[in-house]
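Contents: one structure, followed by commentary.
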2 protein chains.
Amino acid sequence: MTESGASARERIVAGAADMISRRGLNATSIRETAKHARAPLGSTYHYFPEGKQQLVTEAVRYTGEWTTRSLRKELQAGPVAGLLAFLALWRKIVVDSDFRAGCPVLAVSIEEPAAGQTSAALAAAADVFAAWEGLLADSLREHGVEPERAAQLATLIVAAVEGTVAMCRAKRSTEPLDRTAEQLRTLIRAAVEG
Amino acid sequence: MTESGASARERIVAGAADMISRRGLNATSIRETAKHARAPLGSTYHYFPEGKQQLVTEAVRYTGEWTTRSLRKELQAGPVAGLLAFLALWRKIVVDSDFRAGCPVLAVSIEEPAAGQTSAALAAAADVFAAWEGLLADSLREHGVEPERAAQLATLIVAAVEGTVAMCRAKRSTEPLDRTAEQLRTLIRAAVEG
DNA sequence: TCTTGTTTATAACAATTGTCATAGCCTACA
DNA sequence: TGTAGGCTATGACAATTGTTATAAACAAGA
């Protein structure tokens, strides 16, 4: 295994996730992904013999893993802290990219799979959403929120964050994030205390 | 002016909006848009001399117009009724398309404009979001919600709905919409009554 | 050193993309 | 009837797409 910094394979996956988060799924070509990772095109099909579908699926999972790790860690300080960290994570991506990048999981979710077949990448996206919701719902329940309300709130939080990030990109402003953050924070606080 | 049902121009715009809502911006080609509208490719560049950029921009505005019209009408019965109608509108699109279609405005928002230039379509998307937020915030204020809270709530609602539609597509289920609907409804009710 | 398996390097393929040009049709008005 | 202008039809262009094939370079173990 040849290493140069991270492995070439990992660089390709991470680069694909970044490019998908900017341009969307279909506008991200394997050639440019390889170039972006300074890996040759041949290597891409060596590492991902099932082609683009496989690469995209792994990119979604990759994004899911590190965001989930971050969310789980921050939730140890309670649901409000977890929410704020989750928001901060996406805010950084949006701001650092000058409003050009967002969430690759969302990007994959809104591009129709090719005719007839169900997409592995889409299933991976659903899993990531479910993981986030699960972590948030668990934390809320641990802080006294009844199960059904916790599940509803978790879904609302994930959906609102994803939608807000997209709105920030369109408006080229972080104001939507500020507003959503404020409302979600008071909402969680009320649920936990009530 | 040759009419066949709606004008060819309008058919092209509406078809483009539908295709973008399924496949995303970059995967929607002008050729297929024309075919989908049963219009010749030549006509597309006749009606939209500025090319794809213009067509996409008009598709976003088109979507914005009829959703805004619907939202404004339903809000006359109060903010909760408006919310429910807004949710029902998107639910119908998601369900009728077997979880393949979503919101074209969101789709345009998350695909990076070509290097350096700012995209007219992206600006149109921002306008649509702002229009929805404005209508919701106005209604909330009219029902006694203080201005800042109304604005925050309006942003949260739009973001949550957009995010939820995407989650429904990934999961191939309307459950996210059910959960979000429930939470947003009680949230609005509390704000209006409080 | 020789050999085996991983990685890279190139080239080619059919298909599709946005865009443009040009020639024809076809309707409406004089 | 004729003529102008909106619309259609068709074809071409360079570029890019996903994918496959093939051969060279390379690494490490025998």
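Atom set for the values below is all heavy atoms of this structure, side chains included, hydrogens, waters and symmetry mates excluded. Below, chain A is the first sequence line, B the second, and so on; all start at residue 1.
Atom-to-atom, NZ of A/K52 to C1' of D/dT20 comes out at 17 Å; the value is rounded to the nearest Å. Taking atom CD on A/E32 and atom C1' on D/dG18, their separation rounds to 14 Å, with Å as the unit. Distance CZ (B/R11) to P (D/dC7): 12 Å, rounded to an integer number of Å. Rounded to a whole Å, the CD atom of A/Q53 is 14 Å from the C1' atom of D/dT19. B/Y45 has its OH atom 20 Å from the P atom of D/dG6, to the nearest Å. One can place CZ of B/F48 at 16 Å from P of C/dC20, the figure rounded to the nearest angstrom. Nucleotide C/dT8 holds its P atom 8 Å from the CD1 atom of A/I12, rounded to whole Å. Between A/L55 atom CG and D/dG18 atom C1' the separation is 12 Å, expressed in whole Å.
Counting non-hydrogen atoms under 4.0 angstrom, A/T33 reaches nothing in the nucleic acid. Within the 4.0 angstrom heavy-atom criterion, only backbone atoms of the sugar-phosphate kind lie near A/T28; the bases stay farther away.
Annotation: of the two residues near DNA chain D, A/G42 and A/I30, the 5′-most nearest-nucleotide partner is A/I30. If A/E50 and B/A39 are placed on DNA chain D by their nearest nucleotide, the residue sitting closer to the 5' end is B/A39.
There is no path of hydrophobic side-chain contacts, each under 4.5 Å, that joins A/I110 to A/V60.
Using a cutoff of 4.0 Å between basic side-chain nitrogens and carboxylate oxygens, A/R91 and A/D178 are scored as salt-bridged. Between B/E111 and A/R23 no salt bridge is recorded (no basic side-chain N to carboxylate O distance below 4.0 Å). The residues A/E148 and A/R141 are annotated as not salt-bridged, no charged nitrogen and carboxylate oxygen being separated by less than 4.0 angstrom.
Considering only side-chain N and O atoms, A/S43 lies under 4.0 angstrom from the phosphate OP1 or OP2 of C/dT8. Of the side-chain N and O atoms in A/S29, none sit less than 4.0 angstrom from OP1 or OP2 of D/dT16.
Comparing C/dT7, C/dA12, C/dT19 against the side chain of A/H46 picks out C/dT7 as the nearest. Of the candidates C/dG18, D/dT8, D/dT17, the closest approach to any side-chain atom of B/Y47 belongs to D/dT8. Distances from the side chain of B/P40 to the nucleotides C/dT19, D/dT8, D/dG18 place D/dT8 closest. Checking C/dA12, D/dG11, D/dT8 against the side-chain heavy atoms of B/L41 singles out D/dG11 as nearest.
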Might you work through the side-chain contact (heavy atoms from CB on, under 4.5 Å) test for A/F86 and A/E74, ending with a clear yes or no?
CA-CA 8 Å; A/F86 198 56; A/E74 303 290 343; over 6 Å; no

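Between the base of D/dT19 and the side chain of A/R31 there is a donor-acceptor pair shorter than 3.5 Å.
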